[in-house]
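In what follows, a structure is listed as structure tokens, so that the remarks can point back to it.
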Amino acid sequence: MEEATCTSYNNAIEELRVREYPMLQGTTYLDHAGTTLYSKSLIERFSADMVSNLYGNPHSASNASQLTARRIEDVRLRLLQTLNADPHEFDVVFVANATAGIKLVMDAFRDQEEGFWYGYHRDAHTSLIGVREAAAEHKCFASDTEVNDWIERQDGGVGRVKLFAYPAQSNMNGRRLPLDWSHRIRTSNTTAVYTLLDAAALASTSPLDLGKPDEAPDFTVLSLYKMFGFPDLGALIVRQASASIFDRRRYFGGGTVEMVVCLDEQWHAKKTDSLHERLEDGTLPIHSIMALDSAMAVHWELYTSLYQISRHTTFLARKLYEGLSSLRHGNGEDVCHIYKDPASTYGDSLTQGPVIACNLRNQCGGWVNNAEVEKLAAIKNIQLRTGGLCNPGGVASSLGLAPWEMRENFSAGQRCGNDNDVIRAKPTGMIRVSFGAMSTLADVDSFVEFVREFFVQESQPVGTPPMTSVDIEPPTHSRLHVESLVVYPIKSCAGFSVPPGKAWEVRPEGLAWDREWCLVHQGTGAALSQKCYPKMALIRPSIDLDKGVLRINLVGALQDTASSHEITVPLSGDPRLFSDEAVYKNSNTRVCGDLVKAKTYRSNEVSSFFTQALGVACHLTRFPAVSNGSGSTRHSKAHLQKHQKAGAIRVPGAFPETVPITPGACVSKPILLANESPILTISRSSLNRLNELIKAEGGKAAQAEVFRANIVVAEKPDYPPGLEDPYAEDDWRYLQIGQQYFEMLGACRRCQMVCIDQQTAERNQEPFVTLSKTRRFDGRVYFGEHTCHLPLDEVSSPLGQNPTITVGDVVSPIREDEVHRNSHLHALVG
Ligand SMILES: *Cc1c(COP(=O)(O)O)cnc(C)c1O
């Protein structure tokens with residue numbers, strides 16, 4: 001019955017649309033939350049009004065002026081009637097848009113003597129969030145529960161006037177928030193707390209009832225173009241009982257004053273008659289206000305009431321939700337991930353507006369890039385919105401992005417409106433589809449059809465190996481595993497051991513956060529290394545992903561040198577963009593003779609921390625991500641990679657007869673600087689063999705840390721002792737670690753730096769002496785293997801979008817002659 005009513009109403013709209021919205025021919029318009037569309041009748045009625053009447057500037061006594069003034073007062077009344085608001089209880093202030101209304105409220109609060117406390121809900125539009133910059137204290141409420149608790153407790157902002165603001169409907173996913181908060185806040189608070197309701201999104205497809213002034217928000221803002229499509233106008237509705245807050249507004253201008261003296265005396269008298277006269281600075285947008293009259297009249301003629309519009313659009317959104325939720329890939333996986341609030345229900349107009357925010361996934365579970373969705377939508381003439389949607393709190397919590405990740409993405413070049421929208425296997429924006437009064441079931445169908453046509457994958461594409469986690473054959477028969485993972489956040493300083501169980505990101509330039517920073521000499525700009533400054537081993541950085549900081553501690557002998565033992569710097573790449581003081585200055589740094597673009601921290605605290613610790617004037621610098629102009633970013637550390645064939649070689653293996661190797665001429669990949677390869681892998685059994693020889697000569701055994709390895713591969717603990725296979729890595733061509741593949745680029749050439757004890761910073765003779773006796777080829781000494789990650793089938797699966805490895809992962813070495821036996825690897829390296 002309900003469904004039948006809805007369908008017949010929909011048919012009526014289809015007919016009306018042909019007449020009234022000729023601009024919708026051949027297109028699917030799904031961005032009513034951006035703005036809805038004006039009808040032909042509205043434009044015709046407005047134009048007839050303009051052509052047949054003479055309207056002057058209202059501030060004079062002429063007939064034309066008086067006509068304008070009268071009409072404007074009528075329109076004000078009419079708008080209040082639309083909201084069921086009594087003109088004795090409420091006033092309308094015309095503004096350019098909803099944002100301008102919010103700013104007018106902000107002005108009044110900023111001009112309060114003690115400043116103001118500002119609270120806002122996580123789902124707020126950026127226009128509401130910006131108010132915090134004018135507040136003396138502010139708080140973002142992360143959930144409805146936090147708001148409810150605060151209403152009970154009334155804490156925060158002692159001695160100040162308070163303003164609480166929230167959207168009646170999220171512009172991101174259309175979730176509708178409780179409308180009783182204003183009333184509850186007013187009745188449960190002993191001190192003055194004002195409420196600001198942002199109804200810009202709600203009012204376009206839902207009635208807003210201000211019939212009970214005691215329960216209404218003090219301030220309500222509207223975007224009238226979102227309600228009617230035209231004119232481009234906003235309104236601020238003020239509860240008269242709360243109007244006195246504007247008495248302290250300092251600015252005046254245009255028609256808002258009775259008299260101004262500005263020569264010998266500075267004096268002015270503000271208008272006192274009505275609030276709108278005091279707040280409408282300058283000439284009103286008179287023609288827009290006149291157009292609003294036509295807009296309201298025509299809208300109700302076409303659609304009867306907002307109640308009808310609400311019912312219709314709620315019906316459409318439920319249909320779209322059902323349609324999108326039912327789409328499946330051939331392998332049964334979901335296609336649409338819809339960002340619905342758990343507290344809302346599609347089909348229930350109290351909790352959910354006609355908006356759907358979602359992202360699409362491919363059959364491997366990877367995220368589809370929204371730039372791709374937009375391009376295809378444009379081809380199909382579908383108008384929708386993608387990106388951050390001016391709703392940072394809602395987007396971050398829906399996408400699970402921590403603040404440091406958002407800053408990091410921002411530093412990595414991600415901006416509102418660019419192509420870079422899947423980072424670390426997480427989308428950074430979403431697709432938004434929204435309906436308005438003139439939307440129809442045909443719009444719903446065409447969007448569902450669009451997704452089905454381009455994004456539903458019916459079957460496995462031929463020739464591509466399956467890359468989902470279940471499909472990858474687990475390398476169970478291997479006797480090796482990852483014993484430890486270590487990153488060296490500051491080049492040449494101590495390592496940070498990745499905690500067991502923590503999946504660590506593998507980036508093209510190495511393990512995440514490895515050698516992201518370095519110390520440079522204040523005079524020469526050259527990077528410092530342990531070779532000259534062994535005490536760098538006692539500077540111990542650690543990565544704190546929860547707090548989003550790099551924490552640096554001093555240990556051992558360094559503890560007495562500096563006035564503080566710990567400092568932190570943000571992990572996000574470019575804090576200059578987020579804090580008022582400039583944190584960096586640009587500089588060029590010399591690393592191993594190469595000029596590298598780096599950013600130096602300006603902070604004296606940071607520089608003096610390291611300078612005191614090492615006894616040499618130095619700065620901390622960071623290698624920034626640099627954009628290569630095509631939307632993706634490359635790390636400037638990648639500059640360190642050299643396309644040259646010297647520097648690393650393949651060492652003749654233990655079984656040279658099985659692997660024919662010509663030293664120095666066997667690697668196709670770019671070779672890296674010996675001390676700056678993306679990843680360094682060493683073998684525990686090789687280290688054990690080395691240490692046996694050292695101990696046999698009475699020397700001091702070497703720790704794994706001296707080799708600055710990132711990955712230590714070892715026999716699993718249950719593997720029988722005594723059957724180790726030292727230096728087997730000389731013959732490895734590839735490694736499968738967990739579900740990722742790595743290429744071995746060649747052996748790593750060693751120098752005396754391996755002799756620095758990483759706990760005490762003292763120099764020894766070993767292990768270099770023994771190494772040079774047992775691992776010297778062509779006059780050079782080698783230990784460990786340069787390694788780089790092989791990206792999986794680019795963006796199709798979460799494994800490919802966010803490659804990670806974990807301590808304990810199974811390691812399967814693959815020799816050159818075994819490559820053809822591993823189908824996945826074979827597909828990757830051709
Ligand atoms: C559109 C929108 C705004 C901004 O409105 P303007 O009229 O562009 O200033 C603010 N809040 C919400 C919820 C919106 O949907």
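Residue indices begin at 1 and follow the sequence shown. Just so you know, ligand 1 is whichever comes first in the structure, and atom 1 is the first atom listed for that ligand.
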## Note on the structure
Counting from 1 in the order shown, the ligand 1 atoms closer than 4.0 Å to a non-hydrogen atom of Ala98 are 5 (O), 6 (P), 7 (O), 9 (O)
### Task
Determine whether the side chain, the backbone, both or neither of Thr99 has a heavy atom under 4.0 Å from any heavy atom of ligand 1.
both
### Summary
The option among Asp198, Asp232, Asn97, Leu224 carrying the non-hydrogen atom nearest to atom 11 (N) of ligand 1 is Asp198
### Task
Answer yes or no: is there a side-chain heavy-atom contact under 4.5 Å between Thr386 and Met430?
no
### Message
Can you name the atoms of ligand 1, numbered from 1 with element, that are less than 4.0 Å from a heavy atom of Asn171?
### Response
13 (C), 15 (O)
### Message
When you compare the side chains of Ser41 and Glu20, does any donor N or O come within less than 3.5 Å of an acceptor on the partner?
### Response
yes
### Message
Testing Trp150, Phe109, Phe164 one by one against Trp117 for a ring pair (Phe, Tyr, Trp, His ring centres under 6.0 Å), which residue passes?
### Response
Trp150
### Message
Do Leu30 and Asp443 make a side-chain contact, defined as non-hydrogen atoms from C-beta onward lying under 4.5 Å apart?
### Response
yes
#### Entry: Heavy-atom nearest neighbour of atom 5 (O) of ligand 1 within options Gly353, Ser223, Ser434, Ala199
Ser223
### Query
Can you tell me which residue and heavy atom of the protein come closest to atom 15 (O) of ligand 1, and the distance to 0.1 Å?
Lys226 NZ, 2.7 Å
### Tyr225: numbered ligand 1 atoms lying under 4.0 Å from its heavy atoms
5 (O), 6 (P), 7 (O), 8 (O)
### Query
When you check the side-chain N and O atoms of Thr345 and Gln352, is any donor under 3.5 Å from an acceptor?
no
### Query
Given His125, Met172, Gln169, which one has a non-hydrogen atom that is nearest to atom 3 (C) of ligand 1?
His125
### Task
Check whether any side-chain heavy atom of Phe141 sits under 4.5 Å from a side-chain heavy atom of Arg122, and report yes or no.
no
